[in-house]
2 protein chains.
Amino acid sequence: MNLKGLSEILGLSQTTVSRALNGYPEVNEATRKKILAVAAEHNYSPNARAKGLATGRANAIGHVIPIANQHEMVNPIFGDFIAGAGEVYARNNYEMVLSIVDDANEEKVYRAFKSRGTVDGVILHGPKMNDSRIALLDEIGLPFVVHGRASGIDSNYSWLDVNNRSAFRRATEFLLDLGHMRIALINGLETMDFAHRRRGGYEDALNARGVELDPALLRSNDMTEEFGYASTVEILDQSRPPTAFLVSSIISALGVRRALEERGLQMGRDISIITYDDGLSYLANGADVPIFTATRSSVRVAGRALSEMLLAQINDPDAPPQHRLLEVELTVGRSTGPAPTTANLA
Amino acid sequence: MNLKGLSEILGLSQTTVSRALNGYPEVNEATRKKILAVAAEHNYSPNARAKGLATGRANAIGHVIPIANQHEMVNPIFGDFIAGAGEVYARNNYEMVLSIVDDANEEKVYRAFKSRGTVDGVILHGPKMNDSRIALLDEIGLPFVVHGRASGIDSNYSWLDVNNRSAFRRATEFLLDLGHMRIALINGLETMDFAHRRRGGYEDALNARGVELDPALLRSNDMTEEFGYASTVEILDQSRPPTAFLVSSIISALGVRRALEERGLQMGRDISIITYDDGLSYLANGADVPIFTATRSSVRVAGRALSEMLLAQINDPDAPPQHRLLEVELTVGRSTGPAPTTANLA
DNA sequence: CAAATTATCCAAAGCGCTTTGGTAACTTTG
DNA sequence: CAAAGTTACCAAAGCGCTTTGGATAATTTG
């Protein structure tokens with residue numbers, strides 16, 4: 001069923017039917033009722049492509065998911081982010097279109113989005129330091145919002161970020177307060193902006209207390225379980241092992257825990273762990289008492305908020321860019337405790 | 001830049017330019033070269049909506065992701081599935097459109113896909129027993145392939161499934177061979193077809209050996225880490241605890257392991273675990289020696305294969321439905337060992 | 001009560017592409 | 001060398017919708 005057919009059934013012009021369905025005022029209430037009824041009866045909904053052609057809008061938002069070619073890894077937070085954004089799109093009759101793409105082809109995808117008119121805007125995932133995509137999107141004139149920020153980029157773009165620096169400063173301070181002087185940092189790839197900021201927060205806290213930073217305690221990579229495990233094994237094998245681990249992802253934290261358990265070290269007594277927790281739906285941080293002491297911020301909520309920001313920006317292109325910095329909650333779980341004294345360890 | 005502009009620059013008709021770009025034969029090779037060059041120079045790519053309107057094809061595939069309203073959980077295998085499918089779409093110039101939707105609205109989404117012409121076909125995720133969506137898609141005439149199968153549905157539709165029954169039969173036999181007589185099953189929701197089949201395989205193996213099935217050892221739910229943990233705690237607290245666990249997801253298996261460790265039970269010695277492993281990129285089952293003995297089948301490969309099946313079906317609607325049943329690999333890791341004798345336990 | 005509004009409706013153009021049904025020029029064939 | 005193909009191109013229709021610019025009838029106004 002299309003508009004033409006529907007209007008013939010109704011004995012009305014396509015114009016009137018279209019206006020009635022789109023809620024324009026210049027149509028009699030009685031006839032509008034009738035039009036809506038008949039449209040529903042025939043299960044009519046307008047062809048998206050024709051509508052898009054006529055209006056110049058796609059009613060769709062693009063998400064470009066970069067695949068790190070090294071690990072071929074899909075960021076595990078992605079599903080939950082999408083779930084949050086998806087709610088918003090459904091409410092606003094937008095479609096979500098996804099492109100899985102390796103870094104090399106990312107620019108092509110954005111350009112194609114623009115020139116083919118596939119989407120009205122995009123959400124930029126996983127911003128890197130000096131991320132070149134921001135200038136690119138500005139150049140091609142595709143509306144966008146960034147999940148995170150890009151250090152080194154001056155232009156004024158819309159973003160929503162977690163206060164990663166403050167989160168990791170607070171987490172580090174928390175460990176220092178417990179007497180931990182040697183704290184390992186199991187971080188994401190430090191080309192990623194969030195990882196860079198987290199490291200900054202960690203360093204801030206150490207510097208403020210005059211604790212020396214030991215590069216031997218730092219690791220940085222894609223945040224898999226295996227990475228957490230392997231890093232921990234390496235670090236514990238050193239001559240002066242740490243008493244605490246600060247971890248950038250609950251998934252890597254699982255790997256850290258595995259390494260500890262394999263060595264018979266008890267989490268929260270022998271070794272403390274604080275992890276960042278994105279609030280993933282399938283990896284809840286314990287039911288009542290959290291497994292891990294964690295800095296937490298829901299990536300699903302971020303998905304909701306960012307998609308709303310983007311839709312607002314599309315509907316009002318002249319509005320100034322929006323910025324939102326979310327603070328994390330630091331919740332205490334069973335993975336932290338006072339630093340063991342040397343006596344205890346021996 | 002649009003076709004009209006491009007053809008004016010070239011001093012050719014839109015017809016010729018269009019034919020040249022789409023590889024039709026009736027255009028001189030020299031002029032085709034020129035057209036391609038000028039198109040590239042001006043960064044031209046055809047408007048997707050106009051093209052779709054004219055051809056009647058969307059060049060897009062829909063994925064409907066149901067959100068279980070109980071747990072609000074996004075299936076964690078989803079990211080990897082999408083990564084596999086995304087590769088194929090990129091190669092074939094298809095777009096992937098995602099709808100996140102609660103069960104109540106799923107039918108609406110499929111109908112809208114069809115009547116609005118948003119997509120050329122869909123991939124059906126997470127088939128349930130007697131899944132009503134299959135009849136629905138047949139009725140509305142939207143091409144589809146199913147990731148899994150739906151017991152109780154007779155119609156002949158295209159699917160790709162893992163041999164879940166054989167996987168869990170083999171896993172159970174493996175445990176029985178090791179002397180385990182009481183094996184707990186931590187399964188997915190048994191309204192889901194895959195979970196039903198896995199349970200079938202488990203029962204087959206027990207029956208074949210004349211081992212009695214104890215309902216007290218069965219659990220079924222969304223496969224979160226917490227579910228694995230909580231189930232294990234409950235089951236171990238029973239008067240006659242099992243010596244082995246068969247788990248439907250590596251994520252839940254992590255929860256099982258957590259429960260064991262909390263009780264000081266050593267995996268592979270005191271308690272054996274076999275888990276199903278979807279080969280998730282961020283949760284590799286160990287680097288060299290697998291952590292868990294596992295039945296493994298890559299969900300990413302499934303994503304690739306299913307999207308290829310769907311595209312083939314769209315391009316040749318009269319071809320008969322395709323069926324592919326993948327066998328899993330059963331790889332031995334460190335989580336299994338002979339059943340402890342009563343003497344050992346005491 | 002004629003003139004001016006207002007309320008309803010419609011015909012047709014246009015969005016950017018593909019495709020049908022040509023035509024004109026150039027080759028080949030008998 | 002006339003007839004029959006071929007080759008290379010083009011004008012225009014059509015995909016299904018929105019939107020502009022009326023038109024007609026009903027209502028209000030002075």
Side-chain angles (χ1 to χ4, degrees), chain A residues 1-36 38-39 42-60 93 95 111-120 315, chain B residues 1-36 38-39 42-60 93-95 112-120 315:
Chain A
M1 176 59 57
N2 57 20
L3 227 211
K4 193 178 173 198
L6 194 66
S7 57
E8 277 166 4
I9 290 175
L10 283 154
L12 289 167
S13 74
Q14 299 190 35
T15 307
T16 302
V17 177
S18 172
R19 309 214 89 135
L21 294 174
N22 289 307
Y24 282 78
E26 55 271 85
V27 42
N28 186 291
E29 268 315 310
T31 67
R32 183 197 302 277
K33 286 268 192 299
K34 174 164 224 167
I35 291 173
L36 289 175
V38 176
H42 289 77
N43 223 316
Y44 170 79
S45 42
N47 180 288
R49 290 187 298 279
K51 187 164 190 165
L53 230 206
T55 59
R57 300 182 55 157
N59 269 264
N93 285 312
E95 227 64 66
R111 288 197 185 278
F113 271 169
K114 174 66 178 188
S115 59
R116 309 184 53 184
T118 319
V119 300
D120 298 321
N315 289 323
Chain B
M1 176 60 57
N2 58 18
L3 227 212
K4 192 175 172 201
L6 194 65
S7 57
E8 278 165 5
I9 291 175
L10 283 154
L12 289 167
S13 73
Q14 298 190 34
T15 308
T16 303
V17 177
S18 172
R19 311 212 88 134
L21 294 173
N22 289 307
Y24 283 77
E26 54 270 85
V27 42
N28 186 291
E29 268 315 309
T31 65
R32 184 198 300 278
K33 286 266 194 299
K34 174 164 222 167
I35 290 173
L36 289 175
V38 176
H42 288 78
N43 223 316
Y44 170 78
S45 41
N47 179 286
R49 290 187 298 277
K51 187 165 190 163
L53 230 207
T55 59
R57 299 182 54 157
N59 269 263
N93 285 312
Y94 268 72
E95 227 66 65
F113 272 169
K114 175 66 177 187
S115 58
R116 309 184 53 182
T118 319
V119 300
D120 298 321
N315 288 324

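Letters A, B, ... are given to chains in the order of the sequence lines, protein chains preceding strands, and every chain is numbered from 1.
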With heavy atoms of chain A within less than 4.0 Å as the criterion, where does contact along DNA chain D begin and end?
D:dG16 to D:dT20
About how many Å separate [atom2] of [Y] and [atom1] of [X], when rounded to the nearest 0.5 Å?
X	Y	atom1	atom2	result
B:His42	B:Asn2	NE2	CG	11.5 Å
A:Asn47	A:Met1	CG	CE	14.0 Å
B:Phe113	A:Glu95	CZ	CD	5.5 Å
B:Asn59	A:Arg49	CG	CZ	9.0 Å

Considering every strand and a 4.0 Å limit on heavy-atom distances, what is the contact class for B:Thr55: base, sugar-phosphate, or nothing?
sugar-phosphate
Regarding A:Gly11, tell me which of base, sugar-phosphate or nothing describes its non-hydrogen contacts under 4.0 Å with the strands shown.
sugar-phosphate
To the nearest Å, give me how far apart OH (A:Tyr24) and P (C:dT8) are.
18 Å
Separation of C:dA11 P from A:Arg19 CZ (nearest whole Å):
14 Å
Taking the nucleotide of DNA chain D with the closest heavy atom to each, which residue, B:Glu26 or B:Leu53, is nearer the 5' end?
B:Glu26
Relative to the 5' end of DNA chain D, which residue comes earlier, A:Leu3 or B:Val27, by the nucleotide with the nearest heavy atom?
B:Val27
If you measure only the distance, is there a donor-acceptor pair under 3.5 Å linking the side chains of B:Tyr24 and B:Arg32?
no
Return no unless some side-chain N or O of A:Ser13 is found under 4.0 Å from OP1 or OP2 of C:dC10.
yes
Bend angle of the helix from C:dC1-D:dG30 to C:dG30-D:dC1, from helix axes over five pairs at each end, nearest 10°:
40°
At their closest point, which heavy atom of [X] faces which heavy atom of [Y], and how far apart are they?
X	Y	answer
A:Leu10	A:Lys34	CD2-CG, 3.8 Å
B:Ala58	B:Gly117	CB-O, 3.5 Å
A:Ala39	A:Leu21	CB-CD2, 4.0 Å

